[in-house]
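For reference, the structure is listed below as C-alpha cells.
It should be emphasised that the depicted structure is a prediction, and the values quoted were computed from it without experimental measurement. Within every chain, numbering begins at 1; the chains are lettered A, B, ... in the order of the sequence lines, protein sequences first and strands thereafter. No hydrogens, no waters, no symmetry mates; every other heavy atom, side chains included, goes into these values.
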There are 2 protein chains.
Amino acid sequence: MLYIVPTPIGNLADFTFRAVEVLKSVDLILAEDTRTSGVLLAHYQVQKPISPYHQHNEHKIVTHLAEQMIAGKTIALLTDAGTPGISDPAFLLVRECVKHNIKVECLPGATAFVPALVNSGLPMNSFCFEGFFH
Amino acid sequence: MLYIVPTPIGNLADFTFRAVEVLKSVDLILAEDTRTSGVLLAHYQVQKPISPYHQHNEHKIVTHLAEQMIAGKTIALLTDAGTPGISDPAFLLVRECVKHNIKVECLPGATAFVPALVNSGLPMNSFCFEGFFH
C-alpha cells in the first residue's frame, strides 16, 4: 500500500494528526529531499527508513517500489512541501500502483494554491490550475 | 482578523496541529452547522463561542462580522467538511475583509478534490475545477 502524505509549507504545525500516525506505521518513507523531510520527521519523532524519490530517479525505481508493495510493504511518499503530485513528483508511482492494483491513499493536507485561492477574495465556483511559474 | 480553517472529511485525525491552536486562540468561531462542528470542537477540547454562518444568513451578517473584526476581534470560519470557500460558504466574508483591509489567513488543510486528483493516477500538471455534481 502507498500513502501520499502532504507536508507543511513553512510552518511545521500545518501537519495533520493522521499524517504522524501514518508515518509511524509504514515500512519505508520516500522523500523528495531526505534532509528537508528529516527536519519534519525529527520534529514529530518519526524514526523510519527513508529513501530518496525525486524527478531524477523516479523513472528508474517505480518498478522496484511496486514490487516491494506487492510483497506487502507499506510505503509513504513525501515531497519537500505541500501535496505530492501537485507540481511535485508522485504521478509515476501512483500510476504504477493503479496498474498493479496496489491501494493508494492520499491524505488530505497542505497545498499552496488552495489557501492562496481562498485568501484572494475572488469567487471560487470554478477555477483552473496551470502549474507554478518558474 | 479572520482565519479560514479547513476541517476533516470523515476522519477526525485529518486536522492540523495549527488548526487546533488557532481555534483555541480566537474570540468567535463561525460554523456552517454548529452541531457538526461541535463534534470536532469537543474532540479537540476547544471551548469558544460558536455562531452559525451559512448560505442562508451570510448576506445579512457579513457587515456586522467585519465591524467586529475592525474593532479587534479574531474570528475563525469553519464549514462542515473541507476548506471553506471550495464549494462552501466563505467568499462573501473574505471579500468583505479584503474590502476593509482586515487580515485573512486560510490555513492549509483538507479538501476533497485534491486527494481525489492525486489518487487518480492521471497527470496533474494542470486541471480545472468545476464544482461538485449535485
Cluster link [X] to [Y], ILVMFWY, side chain under 4.5 Å:
X: B:I102; Y: B:V5; result: no
X: A:L65; Y: A:I29; result: no
X: A:V26; Y: A:V104; result: no
X: B:V20; Y: A:V20; result: yes
X: A:L117; Y: B:L92; result: yes

With a sphere of 6.0 Å drawn around [atom1] of [X], does it hold more than 12 non-hydrogen atoms of other residues, nucleotides or ligands?
X: B:K24; atom1: NZ; result: yes
X: B:K103; atom1: NZ; result: no
X: A:K48; atom1: NZ; result: yes
X: A:E130; atom1: CD; result: yes

*Which of the residues A:L12, A:V94, A:T111 is involved in the greatest number of heavy-atom pairs with chain B at under 4.5 angstrom?*
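Top count of heavy-atom pairs under 4.5 Å with chain B: A:V94.
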Which atoms of [X] approach chain B - backbone, side chain, both or neither, heavy atom under 4.5 Å:
X: A:V98; value: side chain
X: A:Y44; value: side chain
X: A:E21; value: side chain

*asked:* Are there residues of residues 120-128 of chain B whose heavy atoms fall under 4.5 Å of chain A's heavy atoms? If so, which?
replied: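 Those residues of residues 120-128 of chain B which have a heavy atom under 4.5 Å from chain A are B:S120, B:G121, B:L122, B:P123, B:M124, B:N125, B:S126, B:F127, B:C128.
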*Can you pull out the residues in residues 74-84 of chain B with any heavy atom less than 4.5 Å from chain A?*
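Against chain A, the residues of residues 74-84 of chain B that fall inside the cut-off (heavy atoms, under 4.5 Å) are B:T83, B:P84.
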*When rounded to the nearest 0.5 angstrom, what is the spacing between CZ in A:F113 and CZ in B:F129?*
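Answer for the CZ-CZ pair, A:F113 versus B:F129, is 9.0 Å.
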_For B:C106 against A:P115, the heavy-atom pair lying closest together_ =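 Looking at all heavy atoms of both residues, the closest pair is O-CB, 3.4 Å.
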*State, to 0.1 Å, how close B:D14 and A:R18 come at their nearest heavy-atom pair, and which atoms those are.*
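Looking at all heavy atoms of both residues, the shortest contact is OD1-NE, 2.7 Å.
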*What do the steps show when you test A:L107 against B:N11 for side chain to side chain contact (heavy atoms under 4.5 Å, CB included), and what is the final call?*
CA-CA 10 Å; A:L107 303 193; B:N11 183 328; over 6 Å; no
